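A quick note: this is a predicted structure, and the numbers were derived from the prediction, not measured.
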Amino acid sequence: MAHFLRKSYIKYNDRLITGDSLYYDRNKEFASATRNVKITDSINRGIVKGHYAEIYKNQDSMFVTKRAVAVNFVENDSVYIHGKKLMVTGPEGNRIIRAFNNVRFFKKDMSGKCDSIYSSAKIALTKLIGNPILWNGESQITGDIMHLIGDNATRKLDSLKVLNNTFLVSKDTLGTGFNQAKGQTYMVNLKKENSMM
């Protein structure tokens with residue numbers, strides 16, 4: 001067991017862990033970090049930050065809390081996911097990210113919020129759960145659950161599916177009012193659309 005303070009780091013395979021205070025137990029392959037935590041994953045092209053983290057090397061998982069944010073680099077863009085708690089599990093290609101409690105996410109062409117997010121790299125599916133709201137340009141969409149579906153071959157978003165109590169509001173083309181649509185299910189193929197809505 002070891003405890004490190006300031007300007008120290010732990011390297012786990014392709015992950016680099018830094019923080020103001022680090023704890024490492026070689027026998028359990030466990031590390032924890034406190035204050036100004038940053039975990040850089042060079043294989044999955046991502047960074048996770050927060051003020052407390054637990055990393056379990058053998059389970060290939062991490063738990064981050066206290067102003068937690070995950071940054072993933074996709075489609076020549078950065079996707080930011082903020083939540084009170086973040087859990088990242090699984091190896092490359094089978095990575096699962098879970099974010100809880102008042103989650104917000106940002107991408108250059110899209111942003112949103114919900115109670116929790118479940119994102120699976122293996123099936124290229126991100127579920128927005130608990131009062132999700134999605135914004136894209138001048139448009140807003142709400143529903144009970146939203147699925148952002150990707151294409152693993154191109155690593156791009158493929159489609160959006162909104163389940164139950166769908167409500168869409170967008171600025172009209174004249175700029176003088178708004179268009180509204182309501183329904184049970186909403187599906188859009190993002191490959192065929194220039195914008196999401």
Side-chain angles (χ1 to χ4, degrees), residues 1-108 110-130 132 146-152 155-157:
M1 290 186 275
H3 188 240
F4 308 99
L5 298 172
R6 307 251 182 225
K7 302 206 182 228
S8 299
Y9 67 89
I10 297 170
K11 190 158 172 70
Y12 270 166
N13 300 333
D14 296 300
R15 286 192 187 139
L16 183 68
I17 304 154
T18 60
D20 290 351
S21 176
L22 301 175
Y23 169 82
Y24 175 63
D25 186 331
R26 183 184 304 270
N27 294 331
K28 294 181 181 177
E29 292 289 359
F30 168 81
S32 67
T34 307
R35 290 184 305 281
N36 300 310
V37 177
K38 182 178 177 183
I39 302 157
T40 306
D41 185 336
S42 58
I43 290 288
N44 292 292
R45 298 181 63 217
I47 296 170
V48 179
K49 295 180 181 181
H51 286 291
Y52 179 75
E54 293 180 357
I55 300 96
Y56 301 88
K57 184 179 179 186
N58 292 336
Q59 287 83 18
D60 203 352
S61 67
M62 72 179 88
F63 170 80
V64 183
T65 188
K66 298 181 181 176
R67 296 188 179 177
V69 60
V71 184
N72 289 303
F73 305 102
V74 181
E75 299 178 35
N76 298 319
D77 191 9
S78 298
V79 180
Y80 295 84
I81 299 174
H82 296 263
K84 287 186 180 176
K85 298 175 188 174
L86 282 171
M87 290 177 61
V88 183
T89 57
E92 179 190 7
N94 198 15
R95 176 83 14 114
I96 293 174
I97 298 174
R98 295 174 181 93
F100 305 97
N101 303 107
N102 196 24
V103 176
R104 299 177 187 283
F105 67 92
F106 308 92
K107 193 175 174 290
K108 93 178 146 188
M110 181 188 322
S111 63
K113 68 178 190 171
C114 58
D115 183 60
S116 61
I117 285 180
Y118 170 92
S119 183
S120 169
K122 184 176 183 179
I123 59 174
L125 173 65
T126 299
K127 294 180 183 180
L128 311 179
I129 304 163
M146 292 185 195
H147 291 178
L148 292 165
I149 303 159
D151 182 334
N152 273 337
R155 298 194 48 82
K156 293 184 178 182
L157 281 176

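- Checked for salt-bridge contact, D60 and R15 meet the test: a charged N lies under 4.0 Å from a carboxylate O.
- Between R95 and T89, every side-chain heavy-atom pair lies at or beyond the 4.5 Å cut-off.
- Two residues are said to be in side-chain contact when any heavy atoms from C-beta on lie closer than 4.5 Å; F63 and L86 fail this criterion.
- Take Y56 and apply the ring pair (Phe, Tyr, Trp, His ring centres under 6.0 Å) test, not counting sequence neighbours, and it matches F30.
- Around atom NZ of K57, more than 12 heavy atoms belonging to other residues, nucleotides or ligands sit under 6.0 Å away.
- Remark: the backbone N or O of K84 is paired with a side-chain donor or acceptor of T65 at under 3.5 angstrom.
- Not one N or O on the side chain of H51 forms a donor-acceptor pair closer than 3.5 Å with the backbone of K66.
- The closest side-chain heavy-atom distance from K107 to F105 is not below 4.5 Å.
- In summary, the side chains of S119 and T126 do present a donor paired with an acceptor at a separation below 3.5 Å, with no hydrogens or angles considered.
- No side-chain heavy atom of L148 sits less than 4.5 Å from a side-chain heavy atom of L125.
- Contact of the I129 side chain with the P132 side chain is not registered, since no non-hydrogen atoms from C-beta on lie closer than 4.5 Å.
- No side-chain heavy atom of V64 sits less than 4.5 Å from a side-chain heavy atom of V37.
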